Amino acid sequence: MWDGVGPYPRRYRRCLAVVAVSGHRTVIDLLVRRFICPSQECGRRTFVEQVDGLTKRFARRTVSLHRMLEKIALALAGRPAARLAAHLSIPTSPNSLLRLLRKIPDEPVGTAPRVLGVDDFAFKKGHVYGTMILDMETGERVDVLPDRIAEALTAWLRSHPGVEIVCRDRASAYAEAVRTACPDATRVADRFHIWKNLREAVEKCVLAHRACLTEPTEVLGRAAA
């Protein structure tokens with residue numbers, strides 16, 4: 001009860017979505033106190049008490065459900081995550097899941113991972129490209145650079161020491177950055193780019209010597225069939 005000291009409390013009802021129970025969508029109907037501050041100088045005239053481990057300010061989900069949706073969004077992103085959430089009886093929209101992802105703070109990067117992966121990606125295909133830096137042992141993203149020039153990667157490697165192995169494509173910019181910033185690191189090509197380079201080399205060779213290849217005869221075609 002209110003003891004006459006401080007703001008005057010009133011009852012306030014909150015409905016919170018919670019993790020589904022036995023495959024059924026579940027909501028907690030919670031009755032909490034809403035405080036009204038009598039001071040005219042107070043910037044916050046009303047505020048509601050929070051229940052530790054259950055509620056957060058302005059949230060319509062419990063803390064446990066919020067964490068579950070974050071994990072689903074991190075694994076599957078927008079629409080696939082929304083389909084899985086609906087199957088688990090905790091329906092939400094793809095945009096809501098993407099907003100959850102954007103609100104997750106980035107972990108500060110201290111030292112670089114032992115095995116570093118570097119590759120480019122498109123912000124806008126054919127126009128703007130960036131650089132993705134990965135921990136190849138865990139598969140987690142470490143950082144994202146706004147471009148794919150050698151200077152940017154060189155500066156990043158110098159400010160994050162500890163790289164022993166660099167897994168990269170054969171782009172000259174990345175090769176120059178690794179050679180300049182960490183010359184002692186072992187440089188390896190990833191499997192995707194090895195197969196890609198092999199395919200391109202074979203295709204180039206076949207096209208260059210196409211005139212040397214004889215057309216298959218009808219008899220050979222029938223024998224193969």
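Computed over heavy atoms, backbone and side chain alike; hydrogens, waters and symmetry mates excluded. Not measured: the values here are computed from a predicted model.
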Do [X] and [Y] have side chains that approach each other closer than 4.5 Å (heavy atoms only, starting at C-beta)?
X	Y	answer
V118	T131	yes
E70	K103	no
L97	R99	no
L65	I90	yes
V142	W156	yes
R61	L69	yes
V115	V163	no
R141	I133	no

Joint cluster assignment, [X] & [Y], ILVMFWY side-chain distance < 4.5 Å:
X	Y	answer
V128	I149	no
L134	I104	no
M136	F121	yes
W195	V202	yes

Check [X] against [Y] and note the closest heavy-atom contact, atom names and distance.
X	Y	answer
A81	L76	N-CB, 3.6 Å
S93	A82	C-CB, 4.2 Å
L101	A77	CD1-CA, 4.3 Å
S89	P91	C-CD, 3.4 Å

In Å and rounded to the nearest 0.5 Å, what is the [atom1] to [atom2] distance from [X] to [Y]?
X	Y	atom1	atom2	answer
Y129	R148	OH	CZ	5.5 Å
E140	T138	CD	OG1	4.0 Å
L116	C182	CG	SG	8.0 Å
R179	L157	CZ	CG	13.0 Å
L198	E203	CG	CD	11.5 Å
I165	E137	CD1	CD	7.5 Å

Could K204 and E200 be called an ion pair, given the rule that one side-chain N must be under 4.0 Å from one carboxylate O?
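The answer is no: the pair does not qualify as a salt bridge.
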Do any N or O atoms from the side chain of [X] and from the backbone of [Y] form a donor-acceptor pair under 3.5 angstrom?
X	Y	answer
T180	A177	no
T154	A150	yes
H127	K125	yes

Can you confirm whether M68 is buried at CE, in the sense that more than 12 heavy atoms of other residues, nucleotides or ligands lie under 6.0 Å from that atom?
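No, because the 6.0 Å sphere around CE of M68 holds 12 heavy atoms or fewer from other groups.
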Would R168 count as a cation-pi partner of Y174, with NZ or CZ less than 6.0 Å from the six-membered ring centre and within 45° of the ring normal?
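No, cation not above the ring by the 6.0 Å, 45° rule.
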